[in-house]
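Read the structure below first, then the notes.
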Amino acid sequence: MPLKDAETSMSLERYNPREMEPHWQKVWDDQQSFVVKDGDTRERYYVLEMFPYPSGRIHMGHVRNYALGDVVARYQRARGKNVLHPMGWDAFGLPAENAAIERGMNPGIWTRQNIEAMRAQLKSMGLSLDWTREVATCEPDYYRHQQAMFLDMLEAGLVTRKQSKVNWDPVDMTVLANEQVIDGKGWRSGAPVEQRELTQWFFRISDFAEELLSAIDGLTEWPEKVRTMQRNWIGKSEGLKLLFALEATEKTATTSIEVFTTRPDTIFGASFIALSPDHPLTGELAAGDPALAEFVAECHRHGTATETLEKAEKQGYFTGLSVAHPVKPGQTLPVYVANFVLMDYGTGAIFGSAGHDQRDLEFARKYGLPVIPVVLPPGADPQTFTIGEEAYTDTGTIFNSAFLDGLSIEEAKKTIADHFASLRVDGRPQGTVEVNYRLRDWGVSRQRYWGCPIPVIHCEACGTVPVPKKDLPVVLPDDVAFDKPGNPLDHHPTWKHVDCPQCGRPARRETDTMDTFVDSSWYFVRFTAPHADTPTVPEETNAWMPVDQYIGGVEHAILHLLYSRFFTRAMKITGHLGLDEPFKGMFTQGMVTHETYKAGDGRWLSPEEVRVELVEGERQAIEVATGRPAQIGSIEKISKSKRNGIDPDEILKTYGADTARWFMLSDSPPERDVQWTEAGVEGASRFQQRIWRLVGESVAIAEQFSEIEAGVDDEDALALRKIVHRAVKQVGDDIEGLRFNRAVAQIYELANALARYVGLVSPAPAARCAALAEGVERLVQLIAPMMPHLAETCWQTLGKQGLVCDAAWPAVDPAYLVDDTVTLPVQVNGKRRAEITVAKGSAQTAVEELVLSLEPIARMLEGKAPKKIVVVPDRIVNVVV
RNA sequence: GCGGGCGUGGUGGAACCGGUAGACACAAGGGACUUAAAAUCCCUCGGCCACAAGCCAUGCGGGUUCGAGUCCCGCCGCCCGCACCA
């Protein structure tokens, strides 16, 4: 192998990512390779990964997320698209305030320092980002537009102010999110959390429930799982609002109770009415009934803790009231208050149909109420059918129900709806068909400092007055103290004191700030015009939007995506852009996991603290510090508590960005969890060196045949051409389908084929050299979206002009994708016994004849004639005996 | 409980529309090179069988089909989301 000798010096040199990666990052920076150019008329492509919270350090989840997105971005660039691939910071939020409280640091300073540190980390990953478009939501330049849009939306009736219940921490004097309430106590103070009524700002997202639901059908490039989660969250149900007339009583002046039901067909099986503990009538009755008041208080105590209780027992309190049975004249139904009835769903009151609802059944059994079956399962005997421990919720025929008897459930629902529509209670139709949604309005008020100020002023004379747009932004003060509980904005000596913009008299600023979900509900829009004086530039924004491919964690599948879908619509209504759906393609990646290790005394050990060895074929962990064996535990999501985290910085320093990126893309399908392993990273690193050697070994040939002249391919050259062109086709298809693990496998196969082929170019017929030259060049282009630094280095080594990140994705010659022969497996009774290679499109009879002449087939037939021969042209042959 | 998803070698995973199960990688074992190690290269690698032939294998049990990892029915197990939603 004469060529190999010539290249020895080259191949001895190991590829050094530590040296090359910063080099290429600087080149890309200097050449502004990934900056969107004005006036670029090519087809646009917008790829976006969820922007990070600036905690100070990137984690492996970020590495995976941004590695995935960068492949798409670089691939689409190579495909000739004008690619927008920006990055920013979800920079408001609670951790900054915690840092302020715990370390006395100003939230703004803390956040901006973190952004600096994380930006440097992201840059070391070699991502093809347009950093000129960077935004941080905590900067007035960003949030002033959010305030302006809030005012527009307020004016358009999309924002409202109303009372709402919150979790109030009486020690920290702050509102807690549900996940900050642990066993009914505040997560920091440990004080019992109270339910308080506060006046809060809301976006009227529930008005859009139907629209947000039906538009999900059009989101065909979203994971089915996410679409289902959104549908469930919106929670549409169709039913009947039904009025029950109260029997006369001195306890209340109320004359009727309104319930919501999705099963009006079971009305003849009704056995009780149940009110929510929060129902207005409950409150009224409790005022004159201490025992009821105590029952309600008990329900509230359970309220927050119930989440942990698997199955709270059904409990009720009989109010002493009763209502007229709406279809059984002369009969009445008792009215209870029950702990399982929710106030914020439906009307806060239900009728119990014990035979056909499990909860109602449990309740009825407990309080000795009648259980009347009214739906007969198919084939059951109406004389003997009874309800035992299980309510019957399946299909069937209505019985025991007078004029509904014999109808199907659906028919009965219609009939009974018509029946009640024509009757009147309290002068209203007794029954109205109703559609209910679980989705509630989006409360955005937070009693916190580090968020976007809500731009309104409260004036005693004028009420709630919007801050005039000319006075925006309402900027957060820097001089805040966190020395006492509560909202620092509230304690600030001057900030909240302003004159009313309408009447000029002293007034008070709103001190609540916005939920950080608002910040992230439009950042993807801001990226389309990040420096504009207005929130958007509609021509630019509409040209870029929607995001072609959005990538992020499944933990944001519901709220962030739903709020963003709502906010985009709200921005359309207020004239800031012209579309409804922000994300055309959505992809949710899996988590990064790692083994856990535990010392003998139960301490969690981090991966750096253990050494894993093979002892008699078994993996055994040793704690480095003590030399004692440690236990290898389960594979878990990387977390601080289990100490199984891997620091991306260490990986990037040790192996380089390309290796980390390659590992993240290999093996595991991106939507599934990936297990980070030392062995896997080593493998990725070895492959990087292998490519480098391969390029080194073939560079002399490649230089000679850089034009890739076609010549006449001999058999070997043709075979390689086919492999190369197929790989290009496959890798392209796999990247477009986000099947990166398959693309990686394809690249391995190509590299294997090329490595075998290097030996074949001696004594170097031109056609073979040209095929090899092409193959190596293509290999470099195929790895370029995944290992961009290595690819640039190879590209340069091969003597190619320009940067590989600017090179066009290679064209596929379809001639190399087709074969003129085809190998058919030959089965006998569906089991493979042999194979034949025939010309493509061979006649069926010729194939049959050939098959029967095969030795293994003849042996199986034992001289008998086959019953049948199935020939699927160019696919398979099956001989049936 | 409801909704969704998934069960394939020692491991991660391939397998298109029902057509050669296990691509590719990791781990492991053996060999070459080396004073030695690392790196690299070559070979083996689902099970039974000494080999070949053959048989058994895609969670379990049925079914449809010339042919099932793939489709249908019934179980079992795991994961995720929502959860007293009337």
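Letters go in sequence order (proteins before strands), and every chain restarts at 1. Since we're looking at a predicted model, the values are computed, not measured.
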Side-chain heavy atoms of A:F340 within contact of A:F363, under 4.5 Å: yes
Touch class at under 4.0 angstrom, heavy-atom based, for A:R672 against every strand present: sugar-phosphate
A:N741 vs B:A14: side-chain N/O to OP1/OP2 distance below 4.0 Å: yes
Sugar-phosphate, base or nothing in reach of A:P856, heavy atoms under 4.0 Å: nothing
P gap between B:A37 and B:A32, integer Å: 12 Å
Presence of A:Y748 side-chain N/O under 4.0 Å of B:A25 phosphate oxygens OP1/OP2: no
Per A:V341 side chain, nearest of listed nucleotides B:A86, B:U20, B:G13: B:A86
Interatomic distance where CG belongs to A:D394 and C1' belongs to B:C2 [whole Å]: 13 Å
Touch class at under 4.0 angstrom, heavy-atom based, for A:D344 against every strand present: nothing
Residue A:K637 excluded, over 12 heavy atoms near NZ under 6.0 Å: no
Distance in angstrom units between A:D734 CG and B:C24 P, rounded: 15 Å
Protein-nucleotide distance (A:E595, atom CD; B:C26, atom P), rounded to Å: 18 Å
Euclidean distance for P, B:A53 against B:G4 (whole angstrom): 47 Å
Whole-angstrom distance between B:G29 and B:A38, as gauged at atom P: 12 Å
Separation of B:G22 P from A:D667 CG (nearest whole Å): 18 Å
Residue whose closest nucleotide on RNA chain B lies nearer the 5' end, A:R833 versus A:M229: A:R833
Separation between the C1' atoms of B:A25 and B:G9, rounded to whole Å: 14 Å
Spacing of A:Q746 atom CD relative to B:G13 atom C1', expressed in whole Å: 14 Å
Interatomic distance, A:L665 CG vs B:G13 P [rounded to whole Å]: 15 Å
Rounded interatomic separation in angstrom, taking CD1 from A:I558 and C1' from B:G81: 7 Å
Heavy-atom side-chain proximity of A:D357 to A:T393 below 4.5 angstrom: no
Donor-acceptor side-chain pairing of A:Y15 and A:S685 below 3.5 angstrom: no
Protein-to-nucleotide contact annotation, 5' to 3' order, nucleotides 56-70 of chain B [B base; S sugar-phosphate only; - none; under 4.0 Å, heavy atom]: S---------BS---
salt_bridge(A:R365, A:E362) N-O dist < 4.0 Å: no
side-chain N/O A:R875 vs B:G18 OP1/OP2, d < 4.0 Å: no
Presence of A:R231 side-chain N/O under 4.0 Å of B:C82 phosphate oxygens OP1/OP2: no
Whole-angstrom distance between B:U11 and B:C60, as gauged at atom P: 15 Å
Under-4.0 Å salt bridge between A:E835 and A:R832: yes
Salt-bridge contact A:D217-A:R231 (side-chain N to carboxylate O under 4.0 Å): yes
Stems where RNA chain B pairs, listed by first number, each of three or more Watson-Crick or G-U pairs under 3.5 Å: B:1-7 with B:76-82, B:10-12 with B:24-26, B:28-32 with B:40-44, B:46-48 with B:54-56, B:59-63 with B:71-75
Sub-6.0 Å ring centroid separation between A:W222 and A:F587: no
Which residue lies more 5' along RNA chain B, comparing A:Y437 with A:W233 via nearest heavy atoms: A:W233
Syn/anti state of B:C17 by chi, 90° boundary around 0: syn
Distance, P atom - from B:G19 to B:C85, rounded to whole angstrom: 43 Å
Separation of the P atoms in B:G1 and B:A14, to the nearest angstrom: 31 Å
Any side-chain heavy-atom pair of A:F244 and A:P326 under 4.5 Å: yes
Parallel, tilted or perpendicular, as decided by the 30° and 60° cut-offs, for the rings of A:W662 and A:F687: parallel
N/O-N/O pairs, protein side and nucleotides 39-45 of chain B side, under 3.5 Å:
residue, atom, partner, partner atom, Å
B:U40, O3', A:R693, NH2, 3.4

N/O (side chain, A:R438) to phosphate O (OP1/OP2, B:A83) under 4.0 Å: yes
Sugar-phosphate only, base, or nothing, as touched by A:S666 at under 4.0 Å among non-hydrogen atoms: nothing
Out of B:G13, B:G3, B:A86, whichever nucleotide has its closest atom nearest the side chain of A:P669: B:G13
Heavy-atom side-chain contact between A:L562 and A:W233 under 4.5 Å: yes
Touch class at under 4.0 angstrom, heavy-atom based, for A:V259 against every strand present: nothing
Validation row, ring centre A:Y367 to ring centre A:Y336 under 6.0 Å: yes
Interatomic distance at C1', B:G18 relative to B:A28, whole Å: 36 Å
Syn/anti state of B:G9 by chi, 90° boundary around 0: syn
No-hydrogen, no-angle side-chain donor-acceptor test under 3.5 Å, A:R672 and A:Q589: no
Lys/Arg N to Asp/Glu carboxylate O, A:E410 vs A:K413, below 4.0 Å: yes
Euclidean distance, atom CG of residue A:D673 to atom C1' of B:C6 [Å, nearest integer]: 12 Å
